[in-house]
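To start, the structure itself, in C-alpha cells.
For this chain, numbers begin at 1 and follow the sequence in order.
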Amino acid sequence: MQDLGKLLLRVTVASLILFHGVDKVINGIAWMQPPLAALHLPAWVAYGVFIGEIVAPLFLLAGVAARLAALVICVNMVMAVVLDAHVLAFTIDRGGGWGLEREAFYFLCAAAAACLGPGRFRIAPGKKKASAATAAPQST
C-alpha cells in the first residue's frame, strides 16, 4: 500500500503542476520579465519555469529521478512565490483559505515526494526484473 500511496502522491503533484506548465507554453512567460528585472535576475531565468512545470513533472510521473524532479518542483514553487505570489502571503481568499495555499500545497507535496522516493511503481530505465528463481532474498 505504501508504494500505491507514493504513486498517488507523484501523479497528483506532477499532473496538477503540468497544467501550469502547459498554460505557460500556450500563453507565454513575458509577464515574468519585470519581476525578474526587479530582483536583478537575467531574463533567461524565466525559461526555468519549463523545467519546473513540464520536464520535472514528467520525470516525477514516470518515477525517473523522482527525488530530483520533486526537488526541482520545490525550487519552482519558491520562485513562484518570490516572483509573483508573495503578495498573497498575508491574505485569506474568498473561501477562507490562505493566499499561498496552492503554492504551499505543491511545495509540501513535492517535498514529501522527494523524501519518500518513487516507490515500486515507476519506470526504471536500464534495470531488468530479476526472476523469482534468481532474485536475492531481501531483508525487511
task = Would you list the pairs meeting salt bridge (charged side-chain N to carboxylate O under 4.0 Å, His left out) in which at least one residue belongs to residues 14-27, sequence neighbours left out?
result = K24-E53
message = So, taking the atom named CG in L41 and the one named CE in M79, what distance separates them when rounded to the nearest 0.5 Å?
response = 6.0 Å
ask   = Between the side chain of R10 and the main-chain N/O of L60, is any donor-acceptor distance below 3.5 Å?
value = yes
Residue list, ring-ring contact (aromatic ring centres under 6.0 Å, His included) with Y106, at least two apart or on another chain = H20
task = Over all heavy atoms of both residues, which pair between M32 and A46 is shortest? Give the atoms and the distance, please.
result = SD-CB, 3.8 Å
ask   = Going by heavy atoms in the side chains, are W31 and D84 under 4.5 Å from each other?
value = yes
message = Do L39 and I29 land in one hydrophobic cluster if side-chain heavy atoms of ILVMFWY residues count as linked below 4.5 Å?
response = yes
task = State, to 0.1 Å, how close I54 and V22 come at their nearest heavy-atom pair, and which atoms those are.
result = CD1-N, 3.7 Å
inquiry  = To the nearest 0.5 Å, what is the distance between CZ on R102 and CE on M77?
reply    = 7.5 Å
task = Hey, could you give me the CD1/CG distance between I51 and L58, rounded to the nearest 0.5 Å?
result = 12.5 Å
query = When clusters are formed by joining ILVMFWY residues with side-chain heavy atoms under 4.5 Å apart, either directly or through shared neighbours, do V55 and Y47 land in the same one?
reply = no
query = If every non-hydrogen atom of K6 is compared with every non-hydrogen atom of G117, which pair is closest and at what distance?
reply = CD-O, 3.8 Å
ask   = With clusters built from Ile, Leu, Val, Met, Phe, Trp and Tyr whose side-chain heavy atoms come within less than 4.5 Å, directly or transitively, what are the remaining members of the cluster of W98, listed by chain and number?
value = V81, V87, L88, L100
Contact summary for A111 and C74, nearest pair of heavy atoms = N-SG, 3.5 Å
query = For T12 and C109, what are the C-alpha separation, side-chain angles and deciding distance, and is it a side-chain contact (heavy atoms from CB on, under 4.5 Å)?
reply = CA-CA 9 Å; T12 300; C109 288; over 6 Å; no
L16 CG to L18 CG distance, which is reported to the nearest 0.5 Å = 9.0 Å
message = For the backbone of C115 and the side chain of R67, can you confirm whether one donor and one acceptor N or O come within less than 3.5 Å of each other?
response = yes
task = Determine yes or no for a side-chain-to-main-chain donor-acceptor pair under 3.5 angstrom, with D3 supplying the side chain and R120 the backbone.
result = yes
key: Nearest non-hydrogen partners of I17 and P57, listed with the distance   = CG2-CG, 3.5 Å
request  = Decide whether V25 and L61 are clustered together by the hydrophobic rule: side chain heavy atoms of Ile, Leu, Val, Met, Phe, Trp, Tyr closer than 4.5 Å, transitively.
outcome  = yes
task = Determine whether more than 12 heavy atoms belonging to other residues, nucleotides or ligands lie under 6.0 Å from atom CZ of F121.
result = yes
Transitive ILVMFWY side-chain link L108 to L68, under 4.5 Å = no
query = Where is the tightest heavy-atom contact between A110 and I73, given as atom of each residue plus distance?
reply = CB-CG2, 3.7 Å
ask   = With hydrophobic residues grouped by side-chain heavy-atom distances under 4.5 Å, do F50 and L36 end up in a single group?
value = yes
task = Please examine the side chains of F107 and N76, heavy atoms only from C-beta on, and report whether any two atoms are closer than 4.5 Å.
result = no
